[in-house]
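All ligand and atom numbering here is 1-based and tracks the order in the structure.
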Amino acid sequence: MPSFALTTPLHDVPGISARDADALGLLGVPNVGHLVAYLPMRHEFEEAEAPISSLEPGRIVSARGEITATRVAGMGRKRRFEAVLCDDSGRLDLVWFNMAFLRDKIGPGTRLRVQGTAKQRGHLLQVANPRFEILDLEGEPGERDSRLRPIYPASERINSRAIERCVGRVLGPALEQIEDHLPEAYRRERDMPPLAESYRMMHAPESEDEVVSARRRLAYDELLLLQLGVHLKRAHLRQTLTSPALRFDGEVDAHIRERFPFALTPEQDAVLRDIAKDLSSSTPTNRLIQGDVGSGKTVVALYAMLMAVATGHQSALMAPTELLAEQHFLSISEMLEQSKVRVALLTGSTPSADRGAILAGLVAGEIDLLIGTHALLTESVRFKSLAVAIIDEQHRFGVHQRAHLRTHATSMEGSGDDPTTPHVLVMTATPIPRTLGMTLFGDLDISTIDGLPPGRTPVRTRVVGPEKRPDVYGWLRTKLDEGDQAYVVVPAIDDGGADAPMNLRRLMRDLEEGPLSGKRVAALHGRLNRDTREHVMARFRSGLIDCLVATTVIEVGVDVPNATVMVIEEADRFGLAQLHQLRGRVGRGTKPSVCVLIGEAKTDDGRRRLEVMAETTSGFVLAERDLEIRGPGELFGARQSGLPPFQVADLTRDLELLAMARRDAAAWIGRSPRLAGGGEVLVRRRLMKRYGDSLGIADVG
Ligand code: ADP
Ligand code: MG
């Protein structure tokens with residue numbers, strides 16, 4: 001019997017040195033169980049070892065022997081380290097280019113195992129840049145058959161081979177102690193190997209097929225646990241909380257629509273039907289409304305908020321920036337001007353006297369509709385009866401904030417037996433690829449506003465190098481002369497040093513003194529106070545400003561139909577999602593619009609991003625491409641979500657597994673909504689350990 005358990009610290013495992021145990025600890029691997037779960041990132045094929053005399057040129061060969069001579073030859077960048085390897089049968093020449101430092105590691109008498117492609121040089125056989133392993137005399141490993149060698153994520157203190165050795169010390173006995181959280185029949189139906197077997201196949205595979213099979217099982221596990229968590233949370237919510245069932249009939253509908261200055265598109269109507277159905281039930285709504293930039297999500301939100309008001313409740317709209325909250329407040333107040341609905345704005349810039357009045361108004365039910373930033377989530381904000389809470393531009397928040405909003409709003413309702421919680425709607429511009437949406441927002445119902453309101457002309461996009469800047473601004477001037485308005489976006493306000501050559505202050509000065517002299521140019525950025533910001537926006541909207549030079553504060557929500565030109569400086573510094581949002585500020589009226597991206601991509605990814613921008617205006621396509629270019633971990637939303645990253649699952653490749661995990665989790669929670677059955681102890685424990693905190697379900701059930 002092994003003298004260790006899965007929880008045994010690596011320091012207590014015979015055969016693992018204190019140095020290696022320390023190094024593994026720093027990699028986040030403190031004990032035996034963690035080591036088994038520390039998976040190789042890939043595998044390399046290793047040829048079987050053979051006597052040197054039997055090796056043939058033109059093949060990948062593997063041999064072991066003793067170094068008999070070494071030297072450093074050549075000059076400067078052409079320097080190379082040469083060595084002669086001998087075994088009982090013959091001699092093999094080794095050469096490493098640009099690796100003269102090897103002379104400190106390899107000398108006469110060193111025993112090596114090497115692998116590489118053999119070449120005939122004269123009558124000698126040579127391997128250039130072989131992979132090698134120094135064999136120490138005690139415990140020299142036995143001769144190798146061909147095999148797949150696991151390559152682990154290593155560190156400066158411990159290399160992959162040493163990790164492999166440590167894994168070798170624990171693997172067999174550890175696997176015997178690993179219990180599977182999936183029942184055998186369940187696994188068999190899905191053609192999945194047992195958990196312990198999967199770990200064995202990752203660490204010591206006998207074939208490529210084994211690696212594939214093990215990966216599939218472990219990736220499925222990761223996806224399944226997350227989906228189970230998400231569905232568990234949803235089931236819990238539906239069982240324990242209720243929301244006000246809102247009145248919905250022809251009269252309410254007509255009343256609300258009267259407020260809108262335009263007729264809704266069929267796409268907006270379709271989404272509204274979903275929402276109205278949700279809100280008229282007492283089951284808490286959790287719905288994601290996605291629609292590309294400019295698709296008209298605001299009125300849809302307003303509609304939902306007015307349903308709450310029509311039934312005598314309150315509603316709240318939370319935006320990610322103060323500027324956007326202010327813009328919403330203005331446009332919504334305008335639409336409600338002739339009505340009795342009382343609207344308030346609450347952000348971090350609200351003066352404290354106003355703030356006090358607003359808070360009192362909310363508790364007393366004298367404010368119907370509150371618009372704000374995450375300032376809405378502070379403890380002191382309490383409603384009399386909040387029925388609808390909306391988060392705009394959800395991708396700028398994280399999963400946490402949505403959970404937080406729900407908890408916050410729920411506790412606000414006081415201490416009835418049957419706690420009520422608002423219906424929650426989250427709005428986002430499409431750039432959440434379907435796959436990611438399924439993962440991060442697996443607990444949400446999703447509605448999509450396809451297409452834009454009528455009368456829009458697609459934005460034309462051009463990518464130019466910085467040398468074209470004078471032409472761009474010369475052309476911009478002619479557009480302003482014709483009465484159009486423009487945005488110019490820069491990455492920084494002040495001098496950001498060598499890696500941010502363009503900044504707002506300098507560009508403002510250059511433009512005012514140069515190509516745009518005599519035009520009305522104004523700056524807009526996050527450091528302005530609210531009054532100034534509102535003043536600038538109001539003047540821009542009414543045409544008193546020709547050109548707005550701004551930071552990315554205008555990224556979301558700004559809506560001025562007469563603005564037809566968007567110039568983005570140093571466009572290569574922005575991500576695709578951000579460029580798309582920025583570009584979405586133009587093309588909002590009937591006039592054709594143009595977006596000019598000035599930039600010189602320093603990386604391949606940067607160049608591809610700019611190319612994709614020029615190719616498509618569809619946020620959906622962009623999101624999918626973004627996922628391909630950057631990978632899911634890098635994507636907005638994914639990182640902000642607060643979820644631990646997947647180790648094995650890869651959202652760009654594992655679509656089918658994800659769909660399967662989603663279906664399976666839904667069915668599982670459907671059967672067992674609390675995941676509290678006798679056979680579910682293990683799955684539940686593993687789920688809570690991994691996602692309990694990030695999903696906020698640690699106390700569920
Ligand atoms: P987003 O989905 O990006 O939040 P908005 O809600 O800001 O889009 O809407 C973009 C613009 O389209 C606004 O000026 C809005 O008034 C206008 N709009 C929305 N719906 C319609 C419609 N059905 N017909 C005409 N214009 C519309
Ligand atoms: Mg919007």
Applying a 4.0 Å heavy-atom criterion (strictly less than), which segment of [X] is in contact with ligand 1: side chain, backbone, both, or neither?
X	result
R588	side chain
P453	side chain
T265	both

Y487 and its side chain to side chain contact (heavy atoms under 4.5 Å, CB included) partner, picked from V560, T564, V549, L524: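 Answer after filtering V560, T564, V549, L524: V560.
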
The single option from L336, V388, L317 passing side chain to side chain contact (heavy atoms under 4.5 Å, CB included) against L369: L336

Closest approach of L302 to M335 (non-hydrogen atoms, all atoms of both residues): CD2-SD, 4.0 Å

Any donor-acceptor N or O pair under 3.5 Å, side chains [X], [Y]:
X	Y	value
R583	T461	yes
H525	T551	no
D278	H423	no
T448	Q290	yes

Is the shortest N/O to N/O distance between [X] and ligand 1 below 3.5 Å?
X	answer
V293	no
V299	no
G294	yes

Using a 4.0 Å cutoff against the non-hydrogen atoms of [X], which atoms of ligand 1 qualify?
X	result
T298	4 (O), 5 (P), 6 (O), 7 (O)
D559	11 (C), 13 (C), 14 (O)
L264	23 (N)

Min heavy-atom dist A263 to ligand 1 below 4.0 Å: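 The answer is yes: ligand 1 sits under 4.0 Å from a heavy atom of A263.
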
Any R456 heavy atom less than 4.0 Å from ligand 1: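 It does; at least one heavy atom falls under 4.0 Å.
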
Nearest-option assignment for atom 23 (N) of ligand 1, heavy atoms, candidates Q327, Q268, Q290: Q268

E482 atom CD, over 12 foreign heavy atoms within 6.0 Å: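 Yes.
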
